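First up is the structure itself, then whatever we jot down about it.
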Amino acid sequence: MPFRGATCSGRGTTGEGVLRSPLLALMLLAAPTASAQSGREPVVGLPCEGCEAVFDGIPARLNSRARIAPGSEPGAPMLVVGKVLDAQGNPEPGIVVYAYQTNSQGIYPESPEVPNLETRRQGTLRAWVKTDASGRYAFDTIRPGSYPGEDIPEHIHFHVLEPGCSTYYVDDIMFTDDPKLTPKQIARIAKDRGGNGISTPIQHEGVWYVTRDIHLGRNIPGYPACRR
């Protein structure tokens, strides 16, 4: 299964070869997204396959800490923490962060009850948080597995939803101790979208701890900075 890489946000898709025509690329970048047409925050940082899934199933009430994988999910426990910061490095409260990932076997477990294909492809291990007054958030989960039979590093997909402004994907969380995270993969995948997603995990009493700070709008094409 191909990796999202740095050009699109849908699970199992890469931007290589997607936009072969410069005219097509310009049309896609200029065209209003379905979210914009429906009154939702527009998707920016295009192309972005599956970004509309950020709205699908979002809880009416969000906390600053949520669980991606249920406590019963097999795998090594992991806690992801971080802050969301503006362009000046100030903490931003009220920002929604959406995350989804594979299970410990590297599979996105799908539910046939989910009608939307793109949402279903992102699996059942998904969650949303809203940053607290200090811009902080946390996800309880398990350490994801890498795609079976492929050289893709372990990763957790991240999206940002700025209420009243826009939504976009940022660089995935990846792990420095992952042998598949080679310099070649880093050069291909890491684009500093929303800041650096590569984290050094620390294991303590059986739990992995990682940090992923997010910088709003950083290296996001077409970012409107409308909240400013």
Side-chain angles (χ1 to χ4, degrees), residues 1-5 7-15 18 33-35 37-43 45-80 82 95-130 137-150 152-161 163 167-175 178 180 197 207-208 210 212 214:
M1 180 180 299
F3 182 55
R4 178 184 83 190
T7 54
C8 70
S9 171
R11 180 220 55 184
T13 308
T14 176
V18 173
T33 63
S35 57
Q37 294 172 339
S38 65
R40 294 171 170 173
E41 290 82 356
V43 177
L46 302 176
C48 185
E49 179 183 350
C51 267
E52 296 288 339
V54 70
F55 300 107
D56 195 354
I58 185 171
R61 181 175 180 179
L62 297 174
N63 298 313
S64 61
R65 185 169 182 170
R67 179 170 286 280
I68 300 174
S72 59
E73 182 70 28
M78 174 173 278
L79 177 63
V80 180
I95 301 297
V96 176
V97 181
Y98 166 61
Y100 66 97
Q101 65 174 83
T102 64
N103 60 20
S104 61
Q105 303 302 310
I107 303 298
Y108 296 92
E110 297 185 4
S111 171
E113 298 177 358
V114 177
N116 182 276
L117 176 60
E118 289 300 333
T119 302
R120 187 163 67 246
R121 293 178 70 244
Q122 293 181 10
T124 58
L125 305 185
R126 54 198 298 260
W128 297 257
V129 291
K130 180 178 285 189
Y137 73 89
F139 286 111
D140 293 284
T141 188
I142 59 166
R143 183 157 182 165
S146 59
Y147 300 155
E150 300 193 25
I152 303 305
E154 301 168 350
H155 57 281
I156 301 176
H157 297 287
F158 264 47
H159 292 239
V160 169
L161 172 58
T167 183
Y168 47 90
Y169 77 88
V170 297
D171 276 9
D172 302 331
I173 296 182
M174 296 178 290
F175 314 110
D178 183 354
K180 293 185 178 181
V207 179
W208 289 105
V210 296
R212 203 313 186 189
I214 297 171

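Quantities reported herein were computed from a predicted structural model and do not represent experimental measurements.
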**Prompt:** Do Ile107 and Thr102 have side-chain heavy atoms sitting under 4.5 Å apart?
**Reply:**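 SC-SC contact between Ile107 and Thr102 ruled out.
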
**Prompt:** Is the closest side-chain heavy-atom distance between Phe55 and Leu161 below 4.5 Å?
**Reply:**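 Counting from C-beta outward, Phe55 and Leu161 do come under 4.5 Å.
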
Measure across [X] and [Y] and return the closest heavy-atom pair with its distance rounded to 0.1 Å.
X      : Y      : value
Val160 : Val170 : CG2-CG1, 3.9 Å
Ile152 : Lys180 : O-CD, 3.5 Å
Ser104 : Gly75  : CB-CA, 4.1 Å
Pro148 : Gly106 : CD-O, 3.6 Å
Ala138 : Val129 : O-CG1, 3.5 Å

Counting N and O atoms only, with roles assigned by atom type, does the side chain of [X] sit under 3.5 Å from a partner on the main chain of [Y], one being a donor and the other an acceptor?
X      : Y      : value
Trp128 : Val54  : yes
Asn63  : Arg65  : no
Asp178 : Pro153 : no
Gln101 : Ile142 : yes
Arg143 : Glu154 : no
Arg120 : Val114 : yes
Glu73  : Leu125 : no
Asp172 : Met174 : no

**Item:** Single hit among Val210, Ile68, Val207 for side-chain contact (heavy atoms from CB on, under 4.5 Å) with Met78
**Value:** Val210

**Complete:** Rounding to 0.5 Å, atoms CD (Glu118) and CD (Glu52) come to a distance of 10.0 Å

**Prompt:** Rounded to the nearest 0.5 Å, how far does CD1 of Ile156 lie from CZ of Phe175?
**Reply:**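 Output value for this atom pair is 4.5 Å.
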
**Request:** Assess the side chains of Tyr98 and Arg126: does a donor N or O sit below 3.5 Å from an acceptor N or O?
**Result:** yes

**Request:** Could you check whether the rings of Phe139 and Phe158 sit parallel, tilted or perpendicular, using 30° and 60° as the cut-offs?
**Result:** perpendicular

**Message:** Parallel, tilted or perpendicular, judged at 30° and 60°: which one describes the rings of His155 and Tyr147?
**Reply:** perpendicular

